[in-house]
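Heads up: the structure comes next, in structure tokens.
All chains are named by letter (A, B, ...) in the order of the sequence lines, taking the proteins before the strands, and each is independently numbered beginning at 1.
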Amino acid sequence: MAVRLCDVASLLRSGSWSAEPWSGQVIAAMETQLSNGPNCTSNGPNSISNNCTSSAEPPDGGEDSKTNLIVNYLPQNMTQEELKSLFGSIGEIESCKLVRDKITGQSLGYGFVNYVEPKDAEKAINTLNGLRLQTKTIKVSYARPSSASIRDANLYVSGLPKTMTQKELEQLFSQYGRIITSRILLDQVTGVSRGVGFIRFDRRVEAEEAIKGQNGQKPPGATEPITVKFANNPSQKSSQALLSHLYQSPGRRYPGPLAQQAQRFRLDNLLNMAYGVKSRFSPVNIDGVTSLAGMNLPGHAGAGWCIFVYNLAPDADESVLWQMFGPFGAVTNVKVIRDFNTNKCKGFGFVTMTNYDEAAVAIASLNGYRLGDRVLQVSFKTNKTHKA
DNA sequence: TGCAATT
């Protein structure tokens, strides 16, 4: 067995293999995030202009108002446990809820995290807003107190001038009330506005006034009138979308799925040479049962693949691990190992990822990565319990 | 050169 994973890594790095541009993009995105902190840049597949509208400050009133957060744009496959694990890395959580479709049980891509301490809620916004997870960039903001008056306050706006920016859209609608979020949908290929957007107001009555005031009107300088109406309820849509999805070809959901899948297959071949493993994209497992040969491989830990991360700084925390590994795929858990007395990181940590191929790309890409003034060493976890 | 577990 001559081929090892580090050879895959060197292939990735050397550019002699075609996945280089992809992993390079992931690293570039990650570096932006690690060096610049949270941001509000665009959000994956569905494409969307920036959305930094709401909630730098907690809403008034209620006991929960300074501790309760809403988290938007979560990856579809993220579970409530993973949400809790991610936000639990900041501070003690009082409660945590991932919102699911009532019928299908599918995640609606958002949830709530209520901390015990207001300062942890603030810290979570500062450190986790803008975190990239898979193809998403999550948004973390204070939740507004739940009430009937804030429901159904989302508007769908079409016929917008292609030149209109999100800021201009907000300016047009801000006269009717407090805007919670806004967005303009962009063409996935050209990045140009599709002339369609959404405005969510704080209260339904504000949205109603905006319809009365703007539906059928021409924005300043525009030649055509715009249409303003209540947006479809997304929870109805998602179960429909899910059903139709089953009967349709995958379509173009985000940039380059075919290319990525092709890359995965090529990666598969390399990994197969290295470890004799086939990933979930491989056609090999005819009976759908994972080969027992995989059971003794490094890192394989029941559910998912455990990754050892060495040379973390004493002040490293879980959020840095989420930031580094999240973009590569499904991460179920991260852990920084600390000294019991000093509570400082002992220099290493662990990350559990669901899929072998994503874990392998993360390792190949992050091993040797410079974090601050340290060079990380990243590999599958081994069993060093009874050292010889 | 280091692979946890006060859940």
Side-chain angles (χ1 to χ4, degrees), chain A residues 1 3-10 13 34 78-98 111 113-117 120 124 271 274-277 293-326 328-388:
Chain A
M1 172 67 71
V3 181
R4 289 169 299 128
L5 192 58
C6 58
D7 302 318
V8 178
S10 59
R13 288 178 190 292
L34 288 171
M78 192 169 196
T79 66
Q80 182 164 296
E81 285 309 302
E82 289 160 15
L83 183 66
K84 187 170 186 179
S85 175
L86 172 57
F87 283 81
S89 70
I90 301 295
E92 189 182 349
I93 290 173
E94 192 275 328
S95 63
C96 168
K97 180 172 180 64
L98 180 69
V113 176
N114 193 17
Y115 283 99
V116 175
E117 298 294 338
D120 288 331
L271 296 173
Y275 276 128
V277 165
M295 291 309 192
N296 293 324
L297 287 170
H300 192 49
W305 298 85
C306 191
I307 297 166
F308 175 61
V309 185
Y310 179 72
N311 211 16
L312 295 170
D315 65 343
D317 64 4
E318 274 76 5
S319 70
V320 79
L321 292 178
W322 282 104
Q323 288 175 59
M324 284 194 295
F325 287 82
F328 289 93
V331 173
T332 57
N333 193 44
V334 305
K335 177 98 179 151
V336 167
I337 305 306
R338 296 182 170 82
D339 181 275
F340 181 63
N341 294 312
T342 67
N343 211 33
K344 290 291 183 186
C345 174
K346 289 163 81 169
F348 63 95
F350 299 95
V351 174
T352 303
M353 295 186 70
T354 304
N355 304 307
Y356 182 89
D357 53 352
E358 291 170 348
V361 173
I363 290 169
S365 305
L366 293 173
N367 185 38
Y369 178 73
R370 181 168 156 171
L371 180 61
D373 56 357
R374 292 160 175 267
V375 176
L376 300 184
Q377 293 170 47
V378 183
S379 64
F380 283 113
K381 178 190 180 307
T382 58
N383 286 320
K384 297 228 170 145
T385 44
H386 43 294
K387 38 192 173 261

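- Here the P atom of nucleotide B:dA5 and the CD atom of A:E318 are 14 Å apart, to the nearest Å.
- Not one N or O on the side chain of A:Y115 forms a donor-acceptor pair closer than 3.5 Å with the backbone of A:I90.
- Heavy atoms only, all atoms of each residue included: A:N367 and A:Q377 are closest at OD1-CA, 3.2 Å.
- Put simply, the side chain of A:E358 gets close to the backbone of A:A330: a donor and an acceptor are under 3.5 Å apart.
- Less than 4.0 Å separates DNA chain B from at least one heavy atom of each of the following residues of residues 333-351 of chain A: A:K335, A:I337, A:F340, A:F348, A:F350.
- Per the geometry, CD1 belonging to A:I307 stands 15 Å off C1' belonging to B:dA4, to the nearest Å.
- With B:dA4, B:dT1, B:dC3 as the choices, the nucleotide that has an atom nearest any side-chain atom of A:Q377 turns out to be B:dT1.
- Atoms CG (A:N367) and C1' (B:dT1) sit 13 Å apart, rounded to a whole Å.
- Between A:F325 and A:F350, the distance separating the two ring centers is not shorter than 6.0 angstrom.
- Rounded to whole Å, the distance from CZ on A:F308 to P on B:dT1 is 12 Å.
- As rounded to whole Å, 13 Å separates atom C1' of B:dC3 from atom CD1 of A:I363.
- Within the 3.5 Å criterion, the main-chain N or O of A:N341 finds a donor-acceptor partner in the side chain of A:D339.
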Before you tell me yes or no, could you show the steps for A:F380 and A:W305 under side chain to side chain contact (heavy atoms under 4.5 Å, CB included), namely the whole-Å CA-CA distance, both residues' side-chain angles and the distance that decides it to 0.1 Å? CA-CA 7 Å; A:F380 283 113; A:W305 298 85; 3.8 Å; yes
